[in-house]
Amino acid sequence: MPTGEELERERREKRESLSRTGTHAYPHNYPDRVPTRAVRDELKGSPPGAIHPDHPRRVAGRALSIRHLGRTAFVPLRDQSGELQLFLSVDHLGEEGLRAVLRWLDPGDLVGAEGIPVVTRRGEPSLAVRSLTLLAKALRPPPEKWHGLKDPEVRLRQRYVDLLSSPETLTRFTGRSVILRALRHHLDEEGFLGVETPVLERVASGALARPFVTHYNFLDEDYQLRIALELRLKRLIVGGFEKVYEIGPVFRNEDLDSTHVPEFSELELYWAYADYHDLRALVERMLHHLARSAAPFLSPEAAERIQRSFTPPFARVDFVHALEQHSGLPGVLDLPVETLREKARAVGATVTPSSPAGYCLDKLFAHHVEPTLQEPTFVEDHPRSTTPLAKQHRSLPGRVERFELFYRGFELGNAYTELNDPDEQLARFEEQRATRGEETYALDEDFVEALRYGMPPTTGVGMGVERLLMSLLDVASIKDVVLFPPTRRADPPSRPSPSSKPSG
RNA sequence: GGGCCUGUAGCUCAGUCGGUAGAGCAGGCGGCUCUUAACCGCAAGGUCCAGGGUUCGAACCCCUGCAGGCCCGCCA
């Protein structure tokens, strides 16, 4: 850090000289403060020049910049509720008081201010400061006040800098928390119980993904980080819970792009004595509710558009009909698997001689149909070979009772009428293992054992929370809704390249 | 894994034909009692992502690597 060092040294010197006057640079609290928004609200409707000397107020936050005009100065202050201008003048602070403040105050410092609410002659709601207190010195300068922090790499690696300098980032992540609170509240209101199940599993199953592996020293045993919540939650249904959900992190040892991160939050929900038709209606109600809760964090136009999109009923298409229509392959379910492999390979999928029909159908669907599903759409009644955990369709042979919800061309959720016959479950696992080799759902023996005790008819859904948030907050990249997405090592040791010619 | 693009002051960005780097903001000094991207003046601030090569001379051309972005592939 070349001249950053000089900037920091200057700020350290200001801090030290303040300490020498007996002022603590890092006091322990700042009592009786009010949000800056409260002061702005009080001043609403007051004319320029208004003064409220009988209502002294204390506010605290980050000083954004300093506009010094001789015997006055203006300092915008930001806290979580918004911004308020501090008005510093010799009239309230005295000659020496103002001079002293300007000696130590830097943009980025955290300060507390006590003063009286005023509206300046130019009409800006302000606090005429009688006393300014340093609450924490910023040794690093904040990003440029007008352009802010642009560097996408720094925004991810040092998210705190992004948050402290970009109000829209703070707003977006506030939106994340508020929407998830609304989600939990909605599920609670629907009668579901929130539960927590283990992140560390002997065998991570319930989805098709490579797990992260870790080691439990005490048991001297390798554990895996969960890739889904499904099998644990269904055990709870066996045990007598009738409506449960969990929202929590799952881990899939995979690459990262605009719709995938290796660590993400999943919502899974299981509902006994109900089927996927009941669940479809619940998902519609839930998303409609969440779209309303997202509105305060969006532009009015985006809020309106998203609420309109998520107003039930959503579109419904049959998996097989949609695939046949968009691919131009009639009778796709009756095609021999060799033909399906050939067609899948033709659209760029990685196909092996043992790739099963379900895999090829998934790939063909992903290529031909998914990009067309921009508005919320339920894709229903998948071929049986595409999934091992769903129950046979009650009227369509060769299909299962399943729906996936798509929006903007990506998958938001996946639901089944759950398979609850232990013998068929075991057969499906083994069938997958036989045809897919490594590419298979791990066999969870204890889960099958649980089913042998009897699981009521049940329906369940899994949704990627970040994708849900991308949809509701109207952003294009999953990193925009993950506070601390993973990044590569910042400064790997540089080594001379082996192919470079020796100097001489 | 493949293609394209990016990396220069604390931040945001210029940098022509290869001739030892520039602006604005922030910081320093001076001025100004209503600014709000305040303004005016002065001075200062650089591992040009890293390593190597070509050249009298490289931020610029070449090679390799690293990090990031976009697209494609892979991945429930």
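So you know, we letter chains A, B, ... as the sequences are listed, proteins then strands, and number each from 1.
Under the salt bridge (charged side-chain N to carboxylate O under 4.0 Å, His left out) criterion, A:R62 pairs with no residue at all, not counting sequence neighbours. Residues meeting the salt bridge (charged side-chain N to carboxylate O under 4.0 Å, His left out) test with A:R159, sequence neighbours left out: A:D162. A:R280 meets the salt bridge (charged side-chain N to carboxylate O under 4.0 Å, His left out) test with A:E380; sequence neighbours excluded.
A:L156 comes within contact range of the sugar-phosphate backbone alone, with a heavy-atom separation under 4.0 Å but no base atom that close. At the heavy-atom level, A:T120 lies under 4.0 Å from base atoms of the strands shown. A:N253 comes within 4.0 angstrom of nothing in the nucleic acid, heavy atoms only. No contact: A:G462 has no heavy atom under 4.0 Å from any strand. Within 4.0 Å (heavy atoms only), A:V154 reaches no atom of the nucleic acid at all. Heavy atoms of A:P107 sit under 4.0 angstrom from primed sugar atoms or phosphate atoms, though from no base atom.
The gap from the P atom of B:U55 to that of B:A44 amounts to 38 Å, rounded to the nearest Å. Nucleotides B:A21 and B:C60, compared at atom P, are 13 Å apart to the nearest Å. Going from the P atom of B:C61 to that of B:A43 covers 34 Å, rounded to whole Å. Spacing between B:G28 and B:A14 at atom C1', rounded to whole Å, works out to 25 Å. Look at the C1' atom in both B:C66 and B:C40: the space between them is 45 Å, to the nearest Å. Taking atom C1' in both B:C70 and B:G57, one finds a spacing of 37 Å when rounded to whole Å. Atom name C1', nucleotides B:C71 and B:C17: the rounded distance is 34 Å, in whole Å. Across the C1' atoms, B:A9 and B:A23 are found 11 Å apart, a figure rounded to whole Å.
A ring pair (Phe, Tyr, Trp, His ring centres under 6.0 Å) check over residues 62-99 of chain A, counting only residues at least two apart or in different chains, returns the pairs A:F74-A:F87. The stretch residues 107-121 of chain A participates, sequence neighbours left out, in these side chain to side chain donor-acceptor pair (under 3.5 Å) pairs: A:R58-A:E114, A:D109-A:K137.
Taking the side chain of A:E254 as heavy atoms from C-beta on, and the options B:C75, B:U12, B:G69, the nearest nucleotide is B:C75. Taking only side-chain atoms of A:H68, from C-beta outward, the nucleotide of B:G68, B:C34, B:C32 with the closest atom is B:C32. Picking from B:C34, B:A26, B:U36 the nucleotide with the shortest atom distance to the side chain of A:R121 gives B:C34. Closest to the side chain of A:D106, from the set B:G28, B:U33, B:G10, is B:G28. Nearest nucleotide to the side chain of A:E6, out of B:U12, B:C34, B:G45: B:G45. Of the candidate nucleotides B:G28, B:C34, B:U36, B:G28 has the atom nearest to the side chain of A:K14.
Within the 4.0 Å cut-off from OP1 or OP2 of B:C32, not a single side-chain nitrogen or oxygen of A:R71 is found. A sub-4.0 Å separation between OP1 or OP2 of B:C74 and a side-chain N or O of A:Y359 is absent. For B:U6, the OP1/OP2 oxygens have no side-chain nitrogen or oxygen of A:K150 closer than 4.0 Å. OP1 or OP2 of B:G69 sits under 4.0 Å from a side-chain N or O of A:K479.
To the nearest angstrom, P of B:C34 lies 16 Å from CD of A:E124. Between A:D151 atom CG and B:C5 atom P there is a gap of 19 Å when expressed in whole angstrom units. Nucleotide B:A26 holds its P atom 17 Å from the CZ atom of A:R62, rounded to whole Å. Rounded to whole angstrom, the span from the CG atom of A:D255 across to the P atom of B:C72 amounts to 14 Å. B:A37 atom P lies 12 Å from atom CD of A:E144, rounded to whole Å. Atom CD1 of A:I66 is separated from atom P of B:U36 by 16 Å (rounded to the nearest Å). Following rounding to the nearest Å, A:D162 (CG) and B:C11 (P) show an atom-to-atom distance of 14 Å. Rounded to whole angstrom, the span from the CZ atom of A:R9 across to the P atom of B:G45 amounts to 12 Å.
Between the side chain of A:S477 and the main chain of A:K479, a donor-acceptor pair closer than 3.5 Å is present.
A:E230 has no carboxylate O lying under 4.0 Å from a charged side-chain N of A:R235, or vice versa, which leaves the two without a salt bridge. Contact check on A:E404 versus A:R402 returns a salt bridge, with a Lys/Arg side-chain nitrogen under 4.0 Å from an Asp/Glu carboxylate oxygen.
Base-pair partner of B:U12: B:A23 (Watson-Crick or G-U wobble, both distances under 3.5 Å). The partner of B:C34 cannot be assigned: no Watson-Crick or G-U wobble pair with both contacts below 3.5 Å exists in any strand. The nucleotide B:C74 finds no pairing partner, because no Watson-Crick or G-U wobble arrangement with both distances shorter than 3.5 Å includes it.
A side-chain donor from one of A:R67 and A:Q85 sits under 3.5 Å from a side-chain acceptor of the other. Defined by atom type and a distance below 3.5 Å, a donor-acceptor pair is present between the side-chain atoms of A:T197 and A:E246.
Both A:L102 and A:P143 lie near RNA chain B, and the one whose nearest nucleotide falls closer to the 5' end is A:P143. Residue order along RNA chain B, read from the 5' end via each residue's closest nucleotide, puts A:V347 first among A:R402 and A:V347.
Sorted by residue number, the members of residues 78-87 of chain A with any non-hydrogen atom under 4.0 Å from RNA chain B read A:Q85, A:F87.
Looking at A:H260, its side chain comes within 3.5 Å of the base of B:C75 through a donor and an acceptor atom.
With ring centers used as reference points, A:F365 lies under 6.0 Å from A:F319.
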